[in-house]
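Here's the structure we're looking at; comments come further down.
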Amino acid sequence: MRTLISILLLLFMVIHHTMGQLQFIERLEVETKFQENDYMILQQQDGIIAFRAQPERGFNLRSKFQYFTADINLRASDIKEVRIKDNFDLIGYDLEGNLLYALMQKGTTATSERYLLEINLDTEEANEISLENIYPMDLKEFFVLNKKAVFLGTADFRPMLQIFDMEANNVFTVQGIYGKETLVIQLRKDSELGIIDALVSKRDKYKTKQVSIFSFDQDGSKVREINIEKLQDSNTEIVEGMLTPIDNYQQSLIGTFGQRKREAYQGIYIAEINEFGEFEIKYYTLEDFPNFYNYLNERQQEKKWRDLERRFSKGKTTSIKPVFSAREVITTDRGYLIYSDKFNATNPRYIPRDGVYANDAYRFNPNRRYFDGMNYGPAYGSQLFNNYRYGPFSWQQEAEYRFISAYMIYIDKEEQVIWDNAFNLGNRVTSIPGKYGELSFDGIKIHFLYLDGIQIYMSYMKDGEIHFENESFEIDLVNENERIRDTQEISLQLSWWYDNFYLLSGKQRVRFMGESGREETKEVFFITKIAVDGDKFVPENESP
């Protein structure tokens with residue numbers, strides 16, 4: 001009897017310790033069949049908005065746009081519906097103030113007919129806006145800035161950026177973007193300032209790369225051009241970059257750099273840009289990353305650093321292999337937290353290449369909202385959107401990615417490294433080239449979560465010290481009287497929401513007791529609010 005009590009007590013302690021740091025606290029359900037489309041989820045200031053395009057049942061070509069809103073406690077409104085033109089489907093979206101924009105397209109080619117659906121979330125008024133004047137192009141990005149629709153695409157293998165004024169009904173083609181050997185690495189909007197930033201890379205006839213920042217007003221007029229060139233070492237070049245928001249006329253460009261003519265990553269750079277467009281670049285290499293290889297065991301770390309120190313003593317530069325990609329930058333009052341993934345592409349043809357570096361498909365823009373197969377998901381980059389329903393292309397047909405580690409480095413405003421560390425990702429394999437995890441950071445604590453199958457994994461770092469990593473959690477319900485029958489894995493989306501709260505969504509079959517007293521099953525699309533607190537973790541070999 002004493003043995004049984006001890007086992008039950010130990011089981012309770014393990015469950016208590018595990019669930020304490022991750023809790024499912026609120027859940028919203030919408031009746032949805034497994035074969036139906038998933039809802040997209042966008043954050044609002046005081047909650048979320050969920051929406052989808054769903055074909056009507058039966059043998060017809062009609063579809064409807066469905067949407068609902070919910071507050072931070074996931075108390076939802078009724079589902080609203082707007083009729084979609086026959087044969088059209090949802091291919092992009094954006095939220096600008098209280099206006100939700102849905103980009104509709106008929107067909108899958110560059111010449112396909114498109115139109116915008118504008119929905120006022122306050123009045124529920126819906127308007128259709130024709131886009132017949134937009135140049136036929138393969139779209140790569142779409143968003144709306146103060147009643148101006150912005151379209152980035154490719155025409156004749158060159159990027160094209162057009163701005164459509166919805167009120168004046170005219171189109172402006174932005175200058176300086178269309179050109180040979182040109183890629184748009186990032187496109188971002190600043191609704192408050194009314195500015196569009198385009199980070200562009202070009203290669204000349206000698207394959208030398210130049211990275212430029214173009215800033216345009218909402219009418220498409222250029223207000224700034226900054227050319228990032230003449231790096232510290234002429235044998236290196238910028239691989240990728242992310243622009244931070246403009247703060248007090250200051251902005252930063254942060255990303256990875258590497259050797260020219262080789263796929264050999266050297267480290268991370270930070271270019272600080274002042275109000276006059278002048279910049280200074282600071283470079284960080286493995287010599288500045290003392291904990292870069294912390295994902296290895298102690299013996300492997302010692303061997304690795306012995307080899308590195310020998311190279312450092314000879315003045316040699318050491319490359320980071322195979323792929324080192326900067327994924328996210330979080331700006332704090334103290335400095336920048338930079339999250340990067342280290343991974344390997346097991347298929348050598350995995351993505352289009354820019355010269356030697358594969359820098360377009362796997363890190364185009366983590367917040368992009370266009371479904372062309374290269375986006376990283378509707379929920380700010382957590383997972384690839386299900387292209388089986390919304391597009392003809394899927395990364396699952398092309399390649400496989402093996403994720404090795406997630407590297408975090410915190411750098412202050414004086415360009416000094418505060419701390420760095422790395423979470424082990426265990427060589428997990430996925431067909432998605434986007435960033436692997438979702439993180440929250442408050443200046444001290446990092447909660448890092450990701451999905452693997454139908455399991456949630458969590459790692460936790462505090463002041464640069466790893467407290468635990470890859471703790472697994474089963475998806476759970478909030479109602480204790482219900483049980484999960486099965487979960488549709490491909491529908492799952494995990495994203496950071498605010499503070500230490502995350503959102504998990506997807507489709508499930510749930511068993512429950514009906515009014516007749518008999519067990520019944522329901523099929524639902526669910527949205528669950530998750531609270532995390534890494535400080536509540538207690539190792540199994542310690543008492544609470």
Side-chain angles (χ1 to χ4, degrees), residues 8-30 39 41 43-44 46-48 50 70-76 379-380 382-383 406 423 436-462 465-489 491-512 522 524-544:
L8 292 174
L9 180 60
L10 178 61
L11 180 62
F12 171 77
M13 288 169 56
V14 170
I15 295 174
H16 175 73
H17 296 165
T18 302
M19 295 306 296
Q21 71 243 29
L22 188 148
Q23 295 181 321
F24 301 86
I25 58 175
E26 305 285 353
R27 181 177 167 104
L28 184 162
E29 293 181 349
V30 178
Y39 282 89
I41 300 173
Q43 300 177 21
Q44 291 180 287
D46 54 355
I48 62 171
D71 62 18
I72 60 173
N73 296 313
L74 296 186
R75 292 188 293 259
Y380 296 91
S382 60
Q383 297 288 327
F423 292 126
Y436 198 79
E438 288 284 300
L439 63 89
S440 64
F441 180 58
D442 63 2
I444 298 175
K445 305 174 184 178
I446 292 178
H447 293 89
F448 183 80
L449 276 67
Y450 62 88
L451 284 168
D452 188 14
I454 59 173
Q455 294 282 114
I456 300 174
Y457 288 82
M458 175 176 164
S459 301
Y460 178 62
M461 190 184 298
K462 188 174 182 180
E465 180 183 348
I466 295 176
H467 285 229
F468 63 87
E469 56 185 344
N470 299 321
E471 286 289 316
S472 65
F473 302 86
E474 293 186 358
I475 298 173
D476 205 355
L477 301 173
V478 175
N479 188 337
E480 296 180 353
N481 297 318
E482 297 180 339
R483 297 292 182 269
I484 298 172
R485 181 178 173 182
D486 56 86
T487 300
Q488 188 182 67
E489 180 180 332
S491 69
L492 293 178
Q493 299 284 344
L494 177 68
S495 63
W496 173 71
W497 193 5
Y498 67 95
D499 295 338
N500 287 339
F501 296 100
Y502 289 72
L503 285 178
L504 176 71
S505 65
K507 292 200 284 285
Q508 289 179 327
R509 292 188 180 97
V510 178
R511 294 185 289 116
F512 66 100
K522 57 183 177 180
V524 299
F525 179 87
F526 72 91
I527 304 173
T528 298
K529 184 178 181 180
I530 299 174
V532 296
D533 186 353
D535 286 338
K536 292 184 178 180
F537 173 75
V538 180
E540 292 183 15
N541 59 351
E542 295 184 13
S543 59

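For the numbers below, each heavy atom of this structure counts, side chains included, while hydrogens, waters and symmetry mates do not.
With sequence neighbours excluded, the residues forming a side-chain hydrogen bond (donor to acceptor under 3.5 Å, both in side chains) with Asn470 are Tyr450, listed by chain and number. Every residue two or more places apart in sequence or in another chain that forms a salt bridge (Lys or Arg N to Asp or Glu O under 4.0 Å) with Arg509 is listed here: Asp486, Glu523. A search for salt bridge (Lys or Arg N to Asp or Glu O under 4.0 Å) contacts involving Asp71 returns Arg75, not counting sequence neighbours. Remark: Lys445 engages Asp535 in a salt bridge (Lys or Arg N to Asp or Glu O under 4.0 Å) (not counting sequence neighbours). For Glu482, the side-chain hydrogen bond (donor to acceptor under 3.5 Å, both in side chains) partners are Lys522, not counting sequence neighbours. Glu489 meets the salt bridge (Lys or Arg N to Asp or Glu O under 4.0 Å) test with no other residue; sequence neighbours excluded.
Listed for the Glu438 side chain is a donor-acceptor partner under 3.5 Å among the backbone atoms of Trp496. Judged purely by atom type and a 3.5 angstrom limit, Ser491 uses its side chain to pair as donor or acceptor with the backbone of Lys507. Listed for the Tyr502 side chain is a donor-acceptor partner under 3.5 Å among the backbone atoms of Ser440. Looking only at distances, no side-chain donor or acceptor of Glu26 sits under 3.5 Å from a matching main-chain atom of Val478.
Looking only at side-chain heavy atoms (C-beta outward), Glu474 and Ile484 stay at 4.5 Å or farther from each other. Looking at Arg27 and Val524, their side chains come closer than 4.5 Å, going by heavy atoms from C-beta outward. Under the 4.5 Å side-chain criterion, counting only non-hydrogen atoms from C-beta, Asn73 is in contact with Lys529. Put simply, the side chain of Thr487 reaches to within 4.5 Å of the side chain of Leu492, judged on heavy atoms. The side-chain heavy atoms of Tyr498 and Ile72, taken from C-beta on, include a pair separated by under 4.5 Å. Using a 4.5 Å cut-off on side-chain heavy atoms (C-beta onward), Ile48 and Trp497 make contact. Side-chain contact between Ile456 and Leu451 is present, with at least one heavy-atom pair separated by less than 4.5 Å. At least one side-chain heavy atom of Phe468 sits under 4.5 Å from a side-chain heavy atom of Gln21.
Taking each heavy atom of Phe24 and Ile475 in turn, the nearest pair found is CZ-CA, 3.9 Å. Counting all heavy atoms, side chain and backbone alike, Thr528 lies closest to Phe526 at OG1-CD1, 3.3 Å.
When each of Tyr457, Tyr460, Phe448 is paired with Phe423, the ring pair (Phe, Tyr, Trp, His ring centres under 6.0 Å) condition holds for Phe448 and for no other.
Annotation for Arg485: atom CZ does not count as buried by contact number, only 12 or fewer foreign heavy atoms lying within 6.0 Å.
Once rounded to the nearest 0.5 Å, the distance linking CD1 of Ile530 with CG of Asp476 reads 10.5 Å.
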